[in-house]
S.K.: 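Got a structure for you, written out below as structure tokens; questions coming shortly.
We number each residue from 1, following the sequence as shown.
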Amino acid sequence: MNETNTSPWAAQTGGRRPRVAVVGGGFAGINAAMELGKLAVDVTLIDRRNHHTFQPLLYQVALAVLSPAQIAQPIRGILKNFNNTQVLMDEVTGIDSSEHELQLASGTTIQYDYLILATGATHSYFGHEEWAKSAPGLKSIEDALEIRRRVLLAFELAERHMLEHGWHPPLNFVVIGGGPTGVELAGAISDIARLYLRHDFRKIQPSEARVLLVEGSPRVLATFPEDLSEKALKQLKDIGVEVWNNKQVTEVGPGYVKVGDERVEAAVILWAAGVAASPLGRMLGAPVSKRGTVIVDRFLNPTDMPEVFVCGDLAYFEQDGHPVPGVAQPAMQMGRHAARMIAADLAGKPRTGFRYFDKGDMATIGRLAAVAKIEWPFKAHWGGFMAWITWSVIHIYFLIGFRNRLQLFWSWTWTFFTFTDSARLITGDQRLPGWEDATHGSAHDPENPVPGQIPGVEPVGMAAAEARQRR
Ligand SMILES: Cc1cc2nc3c(=O)[nH]c(=O)nc-3n(C[C@H](O)[C@H](O)[C@H](O)COP(=O)(O)OP(=O)(O)OC[C@H]3O[C@@H](n4cnc5c(N)ncnc54)[C@H](O)[C@@H]3O)c2cc1C
């Protein structure tokens, strides 16, 4: 490998091997590190988690179809064959870009000649961070497990309450945000309620659960072509999801959502409405967009920082007058491009501009339904079963690790034919926000019916005795 730094941007290393710090082991960071592993550089990859998460399948962990280990891989394991790469599990808390230094939560500092910053995005509650407690978002394995806990617990608590009191609060599931994640979550909850749980309860009817998807803009999947939004809407309706378009959520609290002025009681509320860039973007000291993404030039460098590359969801990169979307493909391509530009520096070659190669976009809508906008190798818009097959094959292909691919294929085949999900476990707290308030009604007062009371069902247990006394 030629180590002479004749490129005008090459980091000044005084003859030693350049030190490259990669922050973030997501799609961008892992792809950068795998490319850097082939170069004569010393790489340190820092991530606050020990694993890389395949976020497009997180909703399947949240809805009990898959287990966490099926969609996550230890970063150390992924990079174990690259001897020039050190993996550190730590959180970057500060960046001194003039000193080329990273501060880590553990107190350690890391010096770099090149920095690849790829810390992605986080949830945004549009200034209402207090809503997060009542309406968790989906970004990490921890989030997925919390959502799984809440969704499954809602059915369990309803069964228990039905047994004891003869009624249960409404099994309403409200998903806020009609982008791909919201659509996938709503579709998957509907699948659970209608298909996977239908024979498992004795007192409640899971299929009577109401799944509501609230979207502020006129259509779901607003970043997809209009015909695919319409197909998605139809497919959602076919599986019983109620879609409220053009509706703004004005308040979220324990067990309820206010949509405009209307209050909707909810056993579970999920947030899929907004993302904000990782706070590290602002720490760099370079110009950022309104959302906090770092504005990068055609080489993926922030202004006046040729030794820094910002990639993936954290980067604001415009191509043909439009920002490149915050999805997995651009993140992977940016990560690889940044590493290749470092290779170009080492070889004394000029850097080349990044160009996003768009192969298309997809979203699934429950079992057997999806929409797909194919851009390569041919252009097409698909909806329904064909789109779902395409989605499934592509997700198996892009998952890291042969074992995971095999397990994913097996889990989906099993779920497909048996109508059972394999990871239906509730762990942790056995309470739901707002559930206690929702159950403080008098189910047995015919003058004052409780929402969610199932007509014709007599109270049983303690409540029945109480009801008889009151009569
Ligand atoms: C639920 C969900 C579903 C999605 N579905 C799709 C889909 O179907 N198709 C698609 O193309 N895209 C999808 N996306 C988007 C896609 O996952 C992202 O665009 C992609 O993950 C961005 O990659 P990234 O490397 O920029 O960031 P990420 O993959 O988010 O990785 C960022 C990494 O940085 C680490 N990190 C963050 N802050 C720090 C810190 N301070 N110190 C150390 N480490 C840190 C994190 O732990 C993480 O590992 C989905 C996203 C979500 C959340």
S.K.: Starting at CG of Leu399, measure out to CG of Leu408 and round the result to the nearest 0.5 Å.
M.R.: 6.0 Å

S.K.: Gly274 and Phe126: which non-hydrogen atoms are nearest, and at how many Å?
M.R.: CA-CZ, 3.8 Å

S.K.: Between Asp261 and Lys258, is the closest basic N to carboxylate O distance under 4.0 Å?
M.R.: no

S.K.: Say whether, by atom type as modelled, one donor and one acceptor occur between the side chain of Asn301 and the main chain of Asp297 under 3.5 angstrom.
M.R.: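 No.
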
S.K.: Quick one: are Gln333 and Gln329 in side-chain contact, heavy atoms under 4.5 Å?
M.R.: yes

S.K.: Within a 6.0 Å radius of atom CZ on Arg431, are there more than 12 heavy atoms belonging to other residues, nucleotides or ligands?
M.R.: no

S.K.: Check this for me, if you would: do Arg202 and Glu159 make a salt bridge, where the nitrogen-to-carboxylate-oxygen distance has to be below 4.0 angstrom?
M.R.: no

S.K.: Can you list the residues that meet the side-chain hydrogen bond (donor to acceptor under 3.5 Å, both in side chains) rule with Glu146, with sequence neighbours excluded?
M.R.: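 For Glu146, the residues satisfying side-chain hydrogen bond (donor to acceptor under 3.5 Å, both in side chains) (neighbours in sequence not counted) are Arg149, Arg150.
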
S.K.: Is the backbone N or O of Ser140 less than 3.5 Å from a side-chain atom of Asp143, with the two atoms forming a donor-acceptor pair by type?
M.R.: yes

S.K.: Under 4.5 Å between any side-chain heavy atoms of Pro302 and Leu284, yes or no?
M.R.: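 Side chain of Pro302 against side chain of Leu284, heavy atoms only: contact under 4.5 Å found.
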
S.K.: For a 4.5 angstrom cut-off between non-hydrogen side-chain atoms, does Ile75 reach Asn50?
M.R.: no

S.K.: Of all residues at least two apart in sequence or in a different chain, which pass the ring-ring contact (aromatic ring centres under 6.0 Å, His included) check with Trp435?
M.R.: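 Per chain and number, Trp435 pairs via ring-ring contact (aromatic ring centres under 6.0 Å, His included) with no residue.
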
S.K.: Can you tell if the side chain of Leu102 reaches within under 4.5 Å of the side chain of Leu115, non-hydrogen atoms only?
M.R.: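 Result yes, sub-4.5 Å side-chain heavy-atom pair found.
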
S.K.: Do any N or O atoms from the side chain of His123 and from the backbone of Val275 form a donor-acceptor pair under 3.5 angstrom?
M.R.: no

S.K.: Please lay out, stage by stage, how Thr44 and Val22 fare under the test side chain to side chain contact (heavy atoms under 4.5 Å, CB included).
M.R.: CA-CA 6 Å; Thr44 306; Val22 179; over 6 Å; no

S.K.: Working to the nearest 0.5 Å, report the span between CG of Leu117 and OH of Tyr112.
M.R.: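 Between Leu117 CG and Tyr112 OH, I get 8.5 Å after rounding to 0.5 Å.
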
S.K.: Looking at Phe224, is Arg219 sitting on its ring face, NZ or CZ under 6.0 Å from the six-membered ring centre and within 45 degrees of the normal?
M.R.: no

S.K.: Quick one: do Thr181 and Leu185 satisfy side chain to side chain contact (heavy atoms under 4.5 Å, CB included)? Show the steps, please.
M.R.: CA-CA 6 Å; Thr181 303; Leu185 281 171; 4.1 Å; yes

S.K.: Which pairs pass side-chain hydrogen bond (donor to acceptor under 3.5 Å, both in side chains) with one or both residues in residues 75-90, sequence neighbours excluded?
M.R.: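 Every pair satisfying side-chain hydrogen bond (donor to acceptor under 3.5 Å, both in side chains) with a residue in residues 75-90: Asp90-Ser106.
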
S.K.: Is it true that a side-chain atom of Ser278 and a backbone atom of Leu280 form a donor plus acceptor pair closer than 3.5 Å?
M.R.: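 Yes; judged by distance alone, with no hydrogens or angles, the pair exists.
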
S.K.: Output every pair passing side-chain hydrogen bond (donor to acceptor under 3.5 Å, both in side chains) with a member in residues 244-255, not counting sequence neighbours, ordered by first then second residue.
M.R.: Glu251-Tyr256

S.K.: Got a salt bridge between Glu35 and Lys38, using NZ or NE/NH1/NH2 to carboxylate O under 4.0 Å?
M.R.: yes

S.K.: How about Ile30 and Ile400: do any of their side-chain heavy atoms sit closer than 4.5 Å?
M.R.: yes

S.K.: Should Pro206 and Ile192 count as side-chain neighbours, where that means a heavy-atom distance under 4.5 Å?
M.R.: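 Contact flag for Pro206/Ile192 side chains = no.
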
S.K.: Should we say atom CZ of Phe402 is surrounded by more than 12 heavy atoms from elsewhere, each under 6.0 Å from it?
M.R.: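 Counting neighbours around CZ of Phe402, 12 or fewer heavy atoms of other residues, nucleotides or ligands fall under 6.0 Å, so no.
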
S.K.: Do Ile396 and Ile394 make a side-chain contact, defined as non-hydrogen atoms from C-beta onward lying under 4.5 Å apart?
M.R.: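 Sidechains of Ile394 and Ile396: no contact.
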
S.K.: Measure the spacing between CZ of Arg298 and CZ of Arg351 and express it to the nearest 0.5 Å.
M.R.: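 Going from CZ on Arg298 over to CZ on Arg351, the span is 11.0 Å.
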
S.K.: Do any N or O atoms from the side chain of Asp191 and from the backbone of Arg367 form a donor-acceptor pair under 3.5 angstrom?
M.R.: yes

S.K.: Tell me if the CD atom of Glu375 is crowded by more than 12 foreign heavy atoms within 6.0 Å.
M.R.: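 Enclosed.
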
S.K.: Working note: Phe27 + Phe398, criterion ring-ring contact (aromatic ring centres under 6.0 Å, His included); need CA distance, chi angles, decisive distance, verdict.
M.R.: CA-CA 11 Å; Phe27 284 105; Phe398 277 108; 8.5 Å; no

S.K.: Do Ser392 and Trp412 get their side chains close enough for a donor-acceptor pair, meaning under 3.5 Å?
M.R.: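 Note: Ser392 and Trp412 side chains miss the donor-acceptor criterion.
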
S.K.: What verdict does the side chain to side chain contact (heavy atoms under 4.5 Å, CB included) test give for Trp414 and Thr420, after you've listed the backbone C-alpha separation in whole Å, the side-chain angles of each residue and the deciding distance to 0.1 Å?
M.R.: CA-CA 8 Å; Trp414 178 260; Thr420 50; 3.2 Å; yes

S.K.: Salt-bridged, Arg49 to Asp47, with N to O below 4.0 Å?
M.R.: no

S.K.: What heavy-atom pair brings Val324 and Pro330 nearest, and what distance separates the two atoms?
M.R.: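 Closest approach of Val324 to Pro330: CG1-CB, 3.4 Å.
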
S.K.: Would you check, one step at a time, whether the test salt bridge (Lys or Arg N to Asp or Glu O under 4.0 Å) holds for Asp320 with Arg355?
M.R.: CA-CA 10 Å; Asp320 304 330; Arg355 193 147 180 95; 2.7 Å; yes

S.K.: Nearest 0.5 Å, what's the CZ-CG distance between Arg340 and Leu36?
M.R.: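 One gets 11.0 Å once the value is rounded to the nearest 0.5 Å.
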
S.K.: Mind running side chain to side chain contact (heavy atoms under 4.5 Å, CB included) on Ile147 and Leu270 for me, showing each step along the way?
M.R.: CA-CA 8 Å; Ile147 291 174; Leu270 303 179; 3.7 Å; yes

S.K.: If you count heavy atoms of other groups shown closer than 6.0 angstrom to CZ of Phe417, is the number above 12?
M.R.: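 Not buried by this count: 12 neighbours or fewer within 6.0 Å.
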
S.K.: Is the backbone of Gly335 close enough, under 3.5 Å, to the side chain of Asn31 for a donor and an acceptor to pair up by distance?
M.R.: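 Looks like no, no N/O pair under 3.5 Å.
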
S.K.: Rounded to the nearest 0.5 Å, what separation is found between the CE atom of Met34 and the CG atom of Leu79?
M.R.: 7.5 Å

S.K.: Side chains of Ser217 and Glu215: any donor to acceptor distance under 3.5 Å?
M.R.: yes

S.K.: Can you confirm whether Gln430 is buried at CD, in the sense that more than 12 heavy atoms of other residues, nucleotides or ligands lie under 6.0 Å from that atom?
M.R.: no

S.K.: Just by modelled atom types, is the Leu157 backbone N or O under 3.5 Å from a matching donor or acceptor in the His161 side chain?
M.R.: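 Not a single qualifying donor-acceptor pair exists.
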
S.K.: Which value, rounded to the nearest 0.5 Å, describes the distance between Leu171 atom CG and Phe155 atom CZ?
M.R.: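 Those atoms lie 5.5 Å apart.
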
S.K.: Is there a donor-acceptor contact under 3.5 Å from the side chain of Thr415 to the main chain of Phe419?
M.R.: no

S.K.: Hey, does Met341 have a side-chain heavy atom less than 4.5 Å from the side chain of Thr352?
M.R.: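 Thr352 reaches Met341 side chain to side chain.
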
S.K.: What are the two closest non-hydrogen atoms of Gly292 and Arg282, and how far apart are they?
M.R.: CA-NH2, 3.6 Å

S.K.: If every non-hydrogen atom of Leu213 is compared with every non-hydrogen atom of Gly182, which pair is closest and at what distance?
M.R.: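 Scanning both residues completely, I find the closest heavy atoms to be CD1-O, 3.7 Å.
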
S.K.: Please report the shortest heavy-atom distance between Thr364 and Ala370, naming the atom on each side.
M.R.: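 Heavy atoms of Thr364 and Ala370 come nearest at CA-CB, 3.7 Å.
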
S.K.: Keeping the roles fixed (side chain from Tyr59, backbone from Val183), state whether a donor-acceptor pair exists under 3.5 Å.
M.R.: no

S.K.: Which pairs, with at least one residue in residues 315-335 and sequence neighbours excluded, count as a ring pair (Phe, Tyr, Trp, His ring centres under 6.0 Å)?
M.R.: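 Sorted pair list: Phe317-Phe354.
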
S.K.: Answer yes or no: are there more than 12 heavy-atom neighbours, outside Phe201 itself, under 6.0 Å from its atom CZ?
M.R.: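 For Phe201, atom CZ is crowded (more than 12 foreign heavy atoms under 6.0 Å).
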
S.K.: Counting only N and O atoms by type, is there a donor-acceptor contact under 3.5 Å from the side chain of Arg148 to the main-chain atoms of Leu425?
M.R.: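 Pair found, side chain donor or acceptor close to backbone of Leu425.
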
S.K.: Can you list everything that forms a ring-ring contact (aromatic ring centres under 6.0 Å, His included) with Trp131? Sequence neighbours excluded, please.
M.R.: His128, Trp271

